[in-house]
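Everything below concerns the one structure shown next.
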Amino acid sequence: MAQSEVIPSFQQQWDRVLNRLRAEVGEAAYRSWLKPLSLLSGDESFVRMAVPTRFMRDWVAGNYQDRIQALWLEEIGCAAQVEIVVLAPSRPTPKPALVDVKDKPEVVLEIKSEQPVSPAPVEVPQAEEVQRIVAPLDPRFTFDNFVVGKPNELAYAAARRVADAEAVPFNPLFLYGGVGLGKTHLMHAIAHQIRTAHPEKKVIYLSAEKFMYQFVRALRTKDTMSFKEQFRSVDVLMIDDVQFIGGREATQEEFFHTFNALVDQNRQVVISADKSPSDLEGVEDRMKSRLGWGLVADIHPTTYELRLGILESKAEQLDVAIPQKVIEFLAHKITSNIRELEGALNRIVAHATLVGRSITLETTQEVLLDLLRSNDRRVTIEEIQKKVAEHFNIRVSDMHSSRRARAVARPRQIAMYLSKHLTSRSLPEIGRKFGGRDHTTVMHAVKKVEELKSNDIEFSEDIELLSRMLEN
Ligand code: ADP
Ligand code: MG
């Protein structure tokens, strides 16, 4: 319901942002730089806008992006990452027929290159049709920006092989894994790499949905011949999210033929899906088996280490100082997928920029309240004892023991304090769980920890971190 309301109002929200900017920067600057901006796509976490030239993009990004981001936050109430891309000067293409297909702009985006290449990269002459068919590549989805860890090392290595090898190493490369784990990123990275090393090669990347859509359209306009030709003359074909082809017989048939023709000619095919070939639903058996002929590489759910690495790398890219504690906290808490992890980071950075405060555990928790709350669950005293013991490197049994050495007594007090705050247990109940101690001992522990917290910032943050990890 929220979904269908957000989208139609999006343009209006953008118009309001523009109007406010106009008032701020004056008419001349508005007409030169802001009016030409067009809204391409967006949702609550990501807004993409286009300008006609690279020069304009650099100028707008350098001078207005922060302000746009801030106003956007005020308008939609949550921090969206704003991206400004360059749209190649429009050529006389037929009116886009894809406007109804979600948010994919039917244009070829210029790819940002690291250093200015001279002479300017030559647009490889491609049939008009192919230009219309390909989907834009995200300039951020490069191998350099891809953090490798245990869960994705196989997929990464396979993608690199495909991108770097002179001869087709395996065909197809089939990448699969859950949502937001980096499949699209790897495919775009392959495309960037090949286009850079071999500008003469025809590399096509598109979603299975778009493939389907183009095919149906070709059928409607009785133009299937040229549709087939476009695909069959490519060097590298990449089709993303192929699970969407399930159940569509005609498209599947066409896809199968295209696929076979390319593989027979030794052209590289790269496929992604959310499931392994054999688990794809509504896909014919011969197709399933054919898809599994090359290399099948799965991307596993993230680990804590990978999430940490990704957060560190993104923080560096964003060029903001984020306390290590916040990074660790996010890596512990946002375990669903990398897209959500990135979204969380962008949100806290945008918020800090906007209100001009530094990022702390406190603000992080505030800003991500909804996200974190959805993960909340009740914690038990046993879990608290275990976590605290781990944290301070003592034995869980020390939580019950009568040892009074500071090294165990202090963590024990902290565990009592956390039990008081994170559970609904009474003081006597808590005392019993800590080796049958009296409720006054628990009360004393709670007071002691509160006192330490108010005198020692580092101690206080440590406790905060522990308690937030436990609330997970
Ligand atoms: P999928 O296609 O599997 O749903 P995406 O490739 O769209 O996932 O990835 C979601 C987001 O997470 C993207 O912004 C992508 O750049 C980022 N991402 C995924 N994996 C990594 C990684 N290993 N290193 C850095 N960023 C990553
Ligand atoms: Mg994807």
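Predicted model, so just to flag it, every value in this text is computed and none were measured. Atoms within each ligand, like the ligands themselves, are counted from 1 in listed order.
- Between the side chains of Asp241 and Ser207, no donor N or O sits under 3.5 Å from an acceptor N or O.
- Atoms of ligand 1 found under 4.0 Å from any heavy atom of Phe146 (numbered from 1 in listed order, with element): 20 (N), 21 (C), 22 (C), 23 (N), 24 (N).
- In this structure Phe211 satisfies the ring pair (Phe, Tyr, Trp, His ring centres under 6.0 Å) test together with Phe227, Phe231, Phe255, sequence neighbours excluded.
- Residue Lys314 places a heavy atom under 4.0 Å from ligand 1.
- Checked against the 6.0 Å centroid threshold, His192 and Phe141 do not count as a close aromatic pair.
- Of the candidates Gly178, Gly149, Gly182, it is Gly182 that places a heavy atom closest to atom 8 (O) of ligand 1.
- Only the backbone of Asn145 comes within 4.0 Å of ligand 1, counting heavy atoms alone; no side-chain atom from C-beta on gets that close.
- Applying the 4.0 Å criterion to heavy atoms of Phe141 picks out, from ligand 1, the atoms 13 (C), 14 (O), 15 (C), 16 (O).
- Using modelled atom types, one finds a donor on one side chain and an acceptor on the other under 3.5 Å when comparing Asp240 with Tyr205.
- Of the listed residues (Thr142, Asp164, Asp144), just one forms a side-chain hydrogen bond (donor to acceptor under 3.5 Å, both in side chains) with Gln193, and that residue is Asp164.
- In this structure, Gly180 has a heavy atom closer than 4.0 Å to ligand 1.
- A cation-pi arrangement is present between Arg160 and Phe143, with the terminal nitrogen or guanidinium carbon under 6.0 Å from the aromatic centre and inside a 45° cone about the axis.
- Heavy-atom proximity to Val179, at under 4.0 Å, picks out these atoms of ligand 1: 4 (O).
- Comparing Gln317, Arg339, Met187 by heavy-atom distance to atom 7 (O) of ligand 1, the nearest is Arg339.
- Among Leu341, Leu186, Val147, the residue whose heavy atom lies nearest to atom 24 (N) of ligand 1 is Val147.
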